Amino acid sequence: MSLGLHERRDRRRRKFWVSMVKWCFALILIAAAGGYSYFAGEKIARHEVTALETRVQNLEEERQALEVERAALEEKVSTAVARAREWEMQYQKDIPTGAQRTFLEMIKEKLDSGLSSKRLAFLIAEASTPANCVTDPQDKRFIVRTSDKIGANNSVAFDKSSLTVTAKGEAALSASGYKEGWFDVKKPLKVTFTRVGGEKSEASGFLPLHHAVITDGKEYRFTLRPGPRGFVVVTGQVCGYP
């Protein structure tokens, strides 16, 4: 009986230690797995942190590069604006206005019509010489037409009716928007100069308006300005030409 009891105790003891070994082994495996997971996670975390730090550094470098590029663009824009202002000032300075522009347009019109540039240069040079006017300036007035209807007192003649002057303009408007019976002095006029034989020349523009007609060795000089309501006063003078 004692022998059997002793064997049972040995078996229980061996079973206990086998169980303990198994549990220890399992704990070692769990600890090893945990340690591996920890170190692997730490390594991954370090890698991610390094990657993020690199990304942040790259973004900072890109930001600095963009700042430099922005500053360069702002400088270019500022330079372009300054140059545009210079060009605008130069344009305003070089482009003729007023009488100069009208004179250049007249020169272009004459050249386009076939007049020799040498002839035109001669005439311009001769114009600097004081003209030998054969009559004193004369003031006459006439009614400006505002429609195609022909009425009285709508023309004047100079130099024994050698040249007749007429004009047409836009009708003035009343406060209610209706057309009045006289022309609007603030609108441009179209003036017609008719020579004996029917040959005509025209001038358009705002008053006062200046124009010259050359024919048969004479130069007719005219200045038109506003007169009494509905009228235009024209000053005419006949001079020798050239």
Side-chain angles (χ1 to χ4, degrees), residues 84-85 87-113 115 124 127 131 133-216 218-239 241:
R85 289 176 180 172
W87 279 108
E88 183 178 4
M89 294 176 61
Q90 189 66 33
Y91 175 84
Q92 296 295 335
K93 180 180 178 181
D94 294 342
I95 295 300
T97 58
Q100 291 183 351
R101 182 173 181 176
T102 301
F103 182 66
L104 290 176
E105 289 176 352
M106 293 173 61
I107 291 177
K108 182 178 183 300
E109 181 180 351
K110 291 298 181 182
L111 292 174
D112 292 342
S113 66
L115 181 64
I124 294 174
C133 295
V134 297
T135 64
D136 292 329
Q138 292 180 299
D139 287 343
K140 298 184 179 183
R141 69 179 188 177
F142 64 95
I143 296 176
V144 175
R145 292 187 294 114
T146 58
S147 66
D148 294 331
K149 295 180 180 180
I150 298 176
N153 300 324
N154 62 355
S155 66
V156 291
F158 288 88
D159 194 21
K160 300 178 181 180
S161 300
S162 297
L163 193 145
T164 303
V165 183
T166 59
K168 185 176 181 180
E170 295 185 27
L173 299 178
S174 67
S176 301
Y178 294 102
K179 291 185 178 180
E180 302 284 7
W182 52 88
F183 79 101
D184 189 344
V185 296
K186 297 180 181 180
K187 298 293 181 64
L189 291 182
K190 181 179 180 181
V191 186
T192 302
F193 304 87
T194 305
R195 308 170 203 174
V196 174
E199 187 177 357
K200 298 180 180 181
S201 64
E202 295 181 344
S204 299
F206 295 91
L207 295 177
L209 183 64
H210 306 280
H211 188 68
V213 178
I214 299 173
T215 181
D216 298 330
K218 297 178 181 180
E219 180 183 5
Y220 295 85
R221 296 179 176 181
F222 298 100
T223 298
L224 293 91
R225 62 185 186 278
R229 190 171 68 179
F231 284 85
V232 161
V233 176
V234 54
T235 301
Q237 188 177 25
V238 183
C239 301
Y241 182 85

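Side chains included, hydrogens not; waters and symmetry mates left out as well; all remaining heavy atoms used. Because the structure is a prediction, the values reported are computed rather than measured.
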- Beyond-backbone contact of L207 with V232, side-chain heavy atoms, under 4.5 angstrom: yes
- Task: Would you please test R221 and E219 for salt bridge (charged side-chain N to carboxylate O under 4.0 Å, His left out) and show each step?
- Result: CA-CA 6 Å; R221 296 179 176 181; E219 180 183 5; 3.4 Å; yes
- Query: If every non-hydrogen atom of V213 is compared with every non-hydrogen atom of S201, which pair is closest and at what distance?
  - Reply: CG2-OG, 3.6 Å
- Separation between NZ (K179) and CG (L173), nearest 0.5 Å, reads 8.0 Å
- Query: Any chance NZ of K110 has more than 12 other-residue heavy atoms, nucleotides or ligands included, within less than 6.0 Å?
  - Reply: no
- Query: Any side-chain heavy-atom pair from F158 and V234 closer than 4.5 angstrom?
  - Reply: yes
- Item | Gap separating the NE2 atom of H210 from the CZ atom of R225, nearest 0.5 angstrom | 10.5 Å
- Heavy-atom nearest pair, R141 first then V156, reads O-CG1, 3.4 Å
- Task: Working to the nearest 0.5 Å, report the span between NZ of K186 and CD of E170.
- Result: 13.5 Å
- Exercise: identify the closest heavy-atom pair between P226 and V185: CB-CG1, 4.4 Å
- Which pair of non-hydrogen atoms, one from T166 and one from S155, has the smallest distance, and what is that distance? CG2-CB, 3.4 Å
- Is K140 atom NZ crowded by more than 12 heavy atoms from other residues, nucleotides or ligands, each under 6.0 Å away? yes
- Rounded to the nearest 0.5 Å, how far does CD of E199 lie from OG1 of T215? 6.0 Å
- Message: Is it the case that the side chain of Q237 and the backbone of T135 share a donor-acceptor pair, with hydrogens and angles ignored and the cut-off at 3.5 Å?
- Response: yes
- Task: Side-chain contact test, heavy atoms from C-beta onward, threshold under 4.5 Å: evaluate it for V191 versus V165 and give yes or no.
- Result: yes
- Task: For F231 and I143, run side chain to side chain contact (heavy atoms under 4.5 Å, CB included): C-alpha distance rounded to whole Å, both residues' side-chain angles, the deciding distance at 0.1 Å, then the answer.
- Result: CA-CA 4 Å; F231 284 85; I143 296 176; 3.4 Å; yes
- Query: Can you tell me if CG on D136 sees more than 12 non-hydrogen neighbours from other groups inside 6.0 Å?
  - Reply: no
- Item | Reference residue H211; test ring pair (Phe, Tyr, Trp, His ring centres under 6.0 Å); the match among F193, Y220, F222 | F193
- Query: Are K218 and D159 side-chain neighbours, meaning at least one heavy-atom pair lies under 4.5 Å?
  - Reply: yes
- Can you tell me how far NZ of K168 sits from OG of S147, rounded to the nearest 0.5 angstrom? 7.0 Å
- Message: Treating T235 as the side-chain partner and P137 as the backbone partner, does any N or O pair qualify as donor plus acceptor under 3.5 Å?
- Response: no
- Query: Taking C-beta and beyond as the side chain, do K200 and T194 meet within less than 4.5 Å on heavy atoms?
  - Reply: yes
- Message: Please evaluate residues L189 and L224 with respect to the criterion side chain to side chain contact (heavy atoms under 4.5 Å, CB included), reporting the C-alpha separation (whole Å), side-chain torsions for both, the decisive distance (0.1 Å), and the verdict.
- Response: CA-CA 10 Å; L189 291 182; L224 293 91; 5.6 Å; no
- Query: Going from CZ on F142 to CG on N154, what distance comes out if it is rounded to the nearest 0.5 angstrom?
  - Reply: 8.5 Å
- Validation row: K160, V196 side chains within 4.5 angstrom (heavy atoms): no
